[in-house]
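Okay, so here's the structure we're looking at.
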Amino acid sequence: MIATNYLIVGSGVAGLTFAIKIAERFPDRKITIITKSNEDESNTKYAQGGIAIVTDETEDSYQKHIDDTLICGDGLCDVDVVKMVVTEGPKRLKELIAWGAKFDKTVKGNFDLGKEGGHSRNRVVHHKDQTGYEIERAILEQVHQKENITVLNHYFALDLITQNNHCFGAYALHEKTNEIIPFQSDFTVLATGGIGHLYGHTTNPVIATGDGIAMAFRANAAIKDMEFIQFHPTALYDASAGSKFLISEAVRGFGAYMRTQKGLRFMINYDERGELASRDIVSQSIDLELKKSGDDCVYLDCTHLDLDAFIKHFPMIYERCKSIGIDIAKDWIPVVPAQHYLCGGITVDKNGKTSIENLFACGECSRTGLHGANRLASNSLLEALVYSEKIYDYLADVSIEKSQFNGIISNWESAEKPKISPDYLAKMKVQLQLLMRQNAGIVRNELDLPKAKEQLLHWKNEMEEVSKTHQISVALYELLNMITIGNLIVQQSIDRKDNRGGFMKV
Ligand code: FAD
Ligand code: SIN
């Protein structure tokens, strides 16, 4: 058993920024971060476009950012939350800069603001096309300087420890020793990120398997808006499954055109904003175009853009394309939509509190009400920064009470059990990803969703049996978690009767 005051599950922007703040506020309290891979591995690390923040009130305004967020969310955002998040942006940016994160500036010394789909103004603060990498670097450096923070890499959180709707920590599997350790904590924060690998074709790294949401669901926490899966319109086309390289939406903000294989700039037929319509509309339009043409992908045409300026803003994208023989000065970039982000998740209030006492959720695994039916580009890093502050703010004044756990937190039952075949798990994962892509993708229908529900229920029962009779492993739990998330997405898609934002049922 490891006892800690604050247990944080996840080391992306949400978990790390909360850790820094609470560690500074309470130097005598113990903060433990457990993370399932290397400490920097996260969706955060791959964020490209940047953070949407109003920094120039002559050209932009909070109201415009609020309006853009609300339009994008298609009537389902919580207006108070939107106002709160947008107006706190500048403070959170200042903090990141104070922690050492660097953002691009113009020759005049102002922020070099990018533009993305759904934004009526240039307002995306960025570090080239590697904003997430830069943020993760800076905040990890801060975390390492705090003596009261311990980061435990390769600890996989399995389940929450709860009693009478109170959270007392979590069980985690130490991946190197296979030991299952109970972490007893006064406060627990889930910051476990996204779900991308449930779909296979995704911009997310392999850690994105929805673990935190599945754990919270098993503990009876409220989970909402799971039907609002965001598909990014422009993942680099590649026929194989697995993580896809993203071509940032900021490339379209920079002036790139979208074309069909025949060269048609089709977006103008779907939305007057053309290429800069919001992500849901662009992805749905590409899906329709591909179904019409039978082509495998559409294209981003950058051939008319200023090459030097492009390379300065997007060095990583330029190099990646070059490495696979695409010269963006001459060639179009083949792209397809891919799963990118989950707008729903663990329901939290404005303090980041879940429906379980002493359990908080922050970042992509949470559902705050900011995104509604579709997240506005570059609002995710912002949301994580604002909500880690809200959780901190709330907990900064909450005293630690003696644990009300009735009895002793037991060890995980650990009798010798056989190992499950990795091939069986891998095969099952491929089947699950295919099912989700086919039955719960960009466009869903009344026929396929119930079929998916039945299959998922069958797999759930099968996997629950397998997990009782076999040794616990990361792969086994990830699969179990992804099936749980699949069930939530499918059920909530069946329940939703109206098409909104990223949700389309025909
Ligand atoms: P993450 O950064 O994903 O961190 C989750 C952490 O939890 C990881 O450390 C993971 O290992 C850990 N974890 C998960 N499960 C467990 C478990 N069972 N046990 C222990 N640890 C666990 N958003 C923007 O606003 N602007 C952008 O420009 C942008 N670009 C993006 C580009 C790409 C390619 C991707 C994938 C996303 C992008 N996003 C962007 C979205 C944004 O990056 C994420 O939503 C955000 O970083 C999520 O932060 P987080 O801290 O909630 O989760
Ligand atoms: C991108 O750079 O296109 C991703 C931005 C985001 O997910 O908000």
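Residues take their numbers from the sequence shown, with the count starting at 1. Computed over heavy atoms, backbone and side chain alike; hydrogens, waters and symmetry mates excluded. Atoms within each ligand, like the ligands themselves, are counted from 1 in listed order.
With E134 contributing its side chain and K102 its backbone, the two residues share a donor-acceptor pair below 3.5 Å. Judged by distance alone, the side chain of T69 and the main-chain N or O of D67 form no donor-acceptor pair under 3.5 Å.
Considering every non-hydrogen atom in both I485 and A214, the closest pair reads CD1-N, 3.8 Å. Of all heavy-atom pairs between L382 and A52, the closest is CD2-O, 3.3 Å.
For the ligand labelled ligand 1, residue A384 lies outside the 4.0 Å heavy-atom shell. Close to ligand 1: G50, with a non-hydrogen atom less than 4.0 angstrom away. Within the 4.0 Å heavy-atom cutoff, V9 counts among the residues contacting ligand 1. Using a 4.0 Å cutoff on heavy atoms, R375 counts as a contact of ligand 1. The closest approach between G132 and ligand 1 stays at or above 4.0 Å for every heavy atom of the residue.
Counting only residues at least two apart or in different chains, ring-ring contact (aromatic ring centres under 6.0 Å, His included) contacts with residues 125-146 comprise H126-H313.
With a 4.5 Å cut-off on side-chain heavy atoms, Y6 and K30 do not count as touching. Two residues are said to be in side-chain contact when any heavy atoms from C-beta on lie closer than 4.5 Å; E88 and K390 meet this criterion. Between M436 and Q433, the closest side-chain pair of non-hydrogen atoms is not below 4.5 Å. By the 4.5 Å heavy-atom criterion applied to side chains, T202 and K244 are not counted as neighbours. Side chains of K128 and M316 form no contact here, defined as non-hydrogen atoms less than 4.5 Å apart. Side chains of Y477 and L158 form a contact here, defined as non-hydrogen atoms less than 4.5 Å apart.
Summarising the local packing, CZ of F217 is surrounded by 12 or fewer heavy atoms from other residues, nucleotides or ligands at distances under 6.0 Å. Shown here is K83, whose NZ atom has no more than 12 heavy atoms of other residues, nucleotides or ligands within 6.0 Å. The number of heavy-atom neighbours closer than 6.0 Å to NZ of K224, taken from other residues, nucleotides and ligands shown, is 12 or below.
The N/O atoms of E39, backbone and side chain alike, include none that comes under 3.5 Å of an N/O atom in ligand 1. For Y46, no nitrogen or oxygen atom sits less than 3.5 Å from a nitrogen or oxygen atom of ligand 1, counting backbone and side chain alike. Close N/O approach between I51 and ligand 1 is not found [any backbone or side-chain N/O within under 3.5 Å]. Considering backbone and side-chain N/O of T35, one or more are found under 3.5 Å from N/O of ligand 1. For ligand 1, the polar-atom distance check against E116 finds no nitrogen or oxygen pair separated by under 3.5 Å. Checked by distance only, ligand 1 and T203 stay at 3.5 Å or farther apart across all their nitrogen or oxygen atoms. Polar contact with ligand 1: present for L381 (N/O pair, distance under 3.5 Å). Among the atoms of G49, some N or O lies under 3.5 angstrom from an N or O of ligand 1. Residue I207 has no nitrogen or oxygen atom sitting less than 3.5 Å from a nitrogen or oxygen atom of ligand 1, judged on distance alone.
Sorted by chain and number, the residues within 4.0 Å of ligand 2 by heavy atom are Q48, G49, E116, H232, L246, S248, E249, R279, H340, R375, A377, S378.
In terms of protein heavy-atom proximity, atom 19 (N) of ligand 1 is closest to A157 N, 2.8 Å. Of the protein's heavy atoms, T44 OG1, 2.9 Å lies nearest to atom 47 (O) of ligand 1. The protein heavy atom nearest to atom 53 (O) of ligand 1 is G193 CA, 3.3 Å. When only non-hydrogen protein atoms are considered, atom 1 (P) of ligand 1 lies nearest to N43 N, 3.6 Å. Here the protein heavy atom with the shortest distance to atom 12 (C) of ligand 1 is G10 CA, 3.6 Å. When hydrogens are left out, the protein atom nearest atom 42 (C) of ligand 1 is S380 OG, 3.6 Å; that is the closest non-hydrogen contact.
Checking I34, D186, L160 one by one against L7, the side chain to side chain contact (heavy atoms under 4.5 Å, CB included) holds for a single residue, I34.
Ring orientation note: the planes of F266 and Y270 are nearly perpendicular, at an angle over 60° on the 30°/60° scale. The aromatic rings of F254 and F310 stand perpendicular to each other, their planes meeting at an angle above 60°, with 30° marking the opposite boundary.
A search for side-chain contact (heavy atoms from CB on, under 4.5 Å) contacts involving P422 returns nothing, not counting sequence neighbours. C72 is linked by a side-chain contact (heavy atoms from CB on, under 4.5 Å) to S278, N374, L376, counting only residues two or more places apart in sequence or in another chain.
Those atoms of ligand 1 with a heavy atom of F156 less than 4.0 angstrom away are 18 (N), 19 (N). Residue E364 has at least one heavy-atom neighbour below 4.0 Å for each of these atoms of ligand 1: 44 (C), 45 (O), 48 (C), 52 (O). In summary, the atoms of ligand 1 found under 4.0 Å from a heavy atom of N379, numbered by their order in the structure, are 25 (O). Using a 4.0 Å cut-off to heavy atoms of G363, the atoms of ligand 1 that qualify are 52 (O). In summary, the atoms of ligand 1 found under 4.0 Å from a heavy atom of A14, numbered by their order in the structure, are 51 (O), 52 (O).
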Before you tell me yes or no, could you show the steps for K36 and E175 under salt bridge (charged side-chain N to carboxylate O under 4.0 Å, His left out), namely the whole-Å CA-CA distance, both residues' side-chain angles and the distance that decides it to 0.1 Å?
CA-CA 8 Å; K36 77 186 202 184; E175 294 170 40; over 6 Å; no

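Across K36, K244, H340, E41, heavy-atom proximity to atom 22 (C) of ligand 1 is greatest for K36. Selection from G114, G194, A47 by nearest heavy atom to atom 31 (C) of ligand 1 gives A47. The closest heavy-atom contact to atom 18 (N) of ligand 1, among the options L382, D211, V13, comes from D211. Considering each of L246, T192, L342, the one bringing a non-hydrogen atom nearest atom 14 (C) of ligand 1 is T192. The option with the heavy atom closest to atom 20 (C) of ligand 1, from among Y155, Y477, Y341, is Y155.
Ion pairing between E141 and R137 holds under the 4.0 Å rule for side-chain N and carboxylate O.
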